[in-house]
Amino acid sequence: ILALGPAAAAPTIRLSIATGGTGGVYFPLGGGLARLISRNIPNVEATAEVTSASVDNMRLIGAKRADLAFTLADTAYDAVNGLESFRGNPVPAVTLTPLYNNFNHLVTVEGTGINTIADLKGKRVSVGSPGSGTEVTALRLLQAAGIDPDRDIRKDRLGVAPSVDALRDKKIDAFFWSGGLPTSAVLDLAATPGIRIKLIPLDSVLPALQAKYGKLYFRSTILKEIYPGMTANVATVGVANLLVVHKDFNAELAYQITKLIFEKRAELAQVHQEAANITLTGAAERSPLPFHPGAARYFRERGVAGF
């Protein structure tokens, strides 16, 4: 009797996706992307890892300890150019695709007396977790408003979910968060009985930000329908999200993953609605980093301008 063993399986490629904290958008979206890759690309298994987000993620890519990473465009720009927290250690990262845009939230509740960013002086404020893109942008927003983050506020460094808990428990007066809409942790706060959420407009500091950092930052609006208790739309500062890899990342795999994101975008949008905002429109202009040749091949096939 001839016993046939299983056919020799092709070796499995394991990919790790650096995301963010559990209360944000990167983590669920990264989990959704990992499932898409594992189901649709033969012999590839992807897993999403919880991280402190953008700054840490760029370091993980640089060290080749993560294969794909979600990051804010401003942090990615610093990383590739060896600026700010990457001084002396530039990261050779390239973009697969721009994702959705992040909205900077300055969150407080009724009763703190905070109505503008200037009102943060003397208050206890969380600027985001260490190693997060939220922290990078929050410090820039404060400086653009003429507030010294080390002297003018009592600074905490908490992720979005711990920030929500601290605000609820009156341990802080406000927190910054850079994320997609809606962010589950902020939604959770807005739905808390007896609490009325307040989002503070940030568009007043945009001219100062753009004067220093250019088009990395742009005007955007958080619609009042996004979070329960909001009484008006809030003008804020937006920044693009990117999916990046090391420049040595396999070209065929880069092509397949980029293609998969656009072909299965509806499936990703079931994980988080921000995935519906991933678009081919203006893709070339929305990343301050060069594109991976494998990703560029896909955009050329789709006739996207700039490739």
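All figures in this text were calculated on a predicted structure; none of them were measured in a lab.
Residue pairs meeting the salt bridge (charged side-chain N to carboxylate O under 4.0 Å, His left out) criterion with at least one member in residues 174-193, sequence neighbours excluded, are Arg168-Asp188. Among pairs with a residue in residues 145-159, those fulfilling side chain to side chain donor-acceptor pair (under 3.5 Å) read Arg124-Asp156, Glu135-Arg157, Asp150-Lys155, at least two apart in sequence or across chains. Sequence neighbours left out, the pairs with a member in residues 209-221 that pass salt bridge (charged side-chain N to carboxylate O under 4.0 Å, His left out) are Asp203-Arg219. Sequence neighbours left out, the pairs with a member in residues 262-275 that pass side chain to side chain donor-acceptor pair (under 3.5 Å) are Glu274-Asn277. Applying the salt bridge (charged side-chain N to carboxylate O under 4.0 Å, His left out) test to every pair with at least one member in residues 11-33, sequence neighbours left out, gives these pairs: Arg14-Glu45. The salt bridge (charged side-chain N to carboxylate O under 4.0 Å, His left out) pairs that include a residue from residues 15-27 number zero, where partners must be two or more places apart or lie in different chains.
Of the inter-residue distances, the one linking Lys198 atom NZ with Glu110 atom CD reads 5.0 Å to the nearest 0.5 angstrom. Here the CG-CG distance, from Leu181 to Leu223, works out to 8.0 Å after rounding to the nearest 0.5 Å. In this structure, CG in Leu29 is found 5.5 Å from CG in Leu268, a value given to the nearest 0.5 Å. Taking CD of Gln256 as the start and CG of Leu96 as the end, the distance is 12.0 Å to the nearest 0.5 Å. Between the CG atom in Leu36 and the CD1 atom in Ile41 there is a gap of 9.0 Å [rounded to 0.5 Å]. The OG1 atom of Thr108 sits 8.5 Å away from the CG atom of Leu120 when rounded to the nearest 0.5 Å.
Counting heavy atoms from C-beta on, the side chains of Thr183 and Val160 come closer than 4.5 Å. The shortest side-chain heavy-atom distance between Leu15 and Ile257 falls under the 4.5 Å cut-off. Contact check for Asn104 versus Trp177: no side-chain heavy atoms found under the 4.5 Å cut-off. Contact annotation: the side chain of Pro228 approaches that of Leu187 to within less than 4.5 Å [non-hydrogen atoms, C-beta and beyond]. Taking 4.5 Å as the limit, some side-chain heavy atom of Thr116 sits within range of a side-chain heavy atom of Asp119. Within the 4.5 Å cutoff, the side chain of Ile278 has heavy atoms near those of the Phe262 side chain. At a threshold of 4.5 Å between non-hydrogen side-chain atoms, the residues Val125 and Ile172 do not count as touching. Residues Asn101 and Phe218 have side chains in contact (heavy-atom distance under 4.5 Å, counting atoms from C-beta outward).
Placement of Val271 and Leu99 in two distinct hydrophobic clusters is found when ILVMFWY residues are connected by side-chain heavy-atom separations under 4.5 Å, directly or transitively. Hydrophobic cluster membership is shared by Ile197 and Phe103, with clusters built from Ile, Leu, Val, Met, Phe, Trp and Tyr side chains linked at under 4.5 angstrom. By the criterion of side-chain heavy atoms lying less than 4.5 angstrom apart, applied directly or through intervening Ile, Leu, Val, Met, Phe, Trp or Tyr residues, Leu199 is grouped together with Leu167 in one hydrophobic cluster. Note: the hydrophobic cluster containing Leu189 does not contain Leu106 (ILVMFWY, side chain heavy atoms under 4.5 Å, direct or indirect links). By the rule that hydrophobic residues join a cluster once side-chain heavy atoms approach within less than 4.5 Å of another member, Val234 and Val186 end up as members of one cluster.
Formation of a donor-acceptor pair under 3.5 Å by the Thr19 side chain with backbone atoms of Glu49 is found in this model. In this structure a side-chain-to-backbone donor-acceptor pair under 3.5 Å is missing from Ser132 to Gly128.
With no hydrogens or angles considered, no side-chain donor-acceptor pair links Asn43 and Thr12 at under 3.5 Å. A donor-acceptor contact closer than 3.5 angstrom is absent between the side chains of Ser178 and Thr134.
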Under the side chain to side chain contact (heavy atoms under 4.5 Å, CB included) rule, what do Phe291 and Val94 come out as? Steps first, then yes or no, please. CA-CA 5 Å; Phe291 281 78; Val94 287; over 6 Å; no
Side chain to side chain contact (heavy atoms under 4.5 Å, CB included) between Tyr298 and Arg300: does it pass, once the steps are laid out? CA-CA 5 Å; Tyr298 173 74; Arg300 275 197 304 278; over 6 Å; no
Carefully, step by step, assess Arg302 and Leu280 under the rule side chain to side chain contact (heavy atoms under 4.5 Å, CB included). CA-CA 8 Å; Arg302 295 293 304 270; Leu280 294 170; 3.4 Å; yes
Taking it one step at a time, do Lys64 and Asp248 satisfy salt bridge (Lys or Arg N to Asp or Glu O under 4.0 Å)? CA-CA 10 Å; Lys64 293 190 174 178; Asp248 297 343; 2.9 Å; yes
Could you please spell out the steps behind the side chain to side chain contact (heavy atoms under 4.5 Å, CB included) verdict for Val127 and Leu142? CA-CA 10 Å; Val127 296; Leu142 287 164; 4.1 Å; yes
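The nearest pair of heavy atoms linking Val237 to Ser220 is C-OG, 3.6 Å. In plain terms, the two heavy atoms of Lys224 and Asn233 that are nearest each other are N-OD1, 2.8 Å. Here the shortest heavy-atom pairing between Phe299 and Thr97 reads CZ-OG1, 3.7 Å. Nearest heavy atoms, Arg196 versus Thr231: NH2-CG2, 2.9 Å. The two atoms that bring Tyr227 and Gly180 nearest to each other are OH-O, 4.2 Å, heavy atoms only. Minimum interatomic distance between Ile114 and Ile200 (heavy atoms only, all atoms of both residues): O-CD1, 3.3 Å.
Residues satisfying the salt bridge (Lys or Arg N to Asp or Glu O under 4.0 Å) test with Asp169, not counting sequence neighbours, are none. In this view, Asp78 and Arg140 satisfy the salt bridge (Lys or Arg N to Asp or Glu O under 4.0 Å) rule, not counting sequence neighbours. With sequence neighbours excluded, the residues forming a salt bridge (Lys or Arg N to Asp or Glu O under 4.0 Å) with Arg297 are Glu252, Glu301, listed by chain and number.
Taking Ile, Leu, Val, Met, Phe, Trp and Tyr as hydrophobic and joining them when side-chain heavy atoms fall under 4.5 Å apart, one finds Ile61 in a cluster with Val55, Met58, Val80, Phe86, Val91, Val136, Leu242, Val244, Leu289. Leu60 belongs to no hydrophobic cluster with other residues, because no ILVMFWY side-chain heavy atom falls under 4.5 Å from its own, directly or through intermediates.
Within 6.0 Å of atom NZ in Lys259, 12 or fewer heavy atoms from other residues, nucleotides or ligands are found, so the atom counts as exposed in its surroundings. Environment of OH in Tyr77: sparse, with no more than 12 heavy atoms of neighbouring residues, nucleotides or ligands closer than 6.0 Å.
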Please report, to 0.1 Å, the donor-acceptor pairs under 3.5 Å made by any side chain of residues 65-75, with sequence neighbours excluded.
from, atom 1, to, atom 2, distance (Å)
Asp67, OD2, Ser16, N, 2.8
Asp74, OD2, Thr137, OG1, 3.0
Asp74, OD2, Tyr217, OH, 2.5

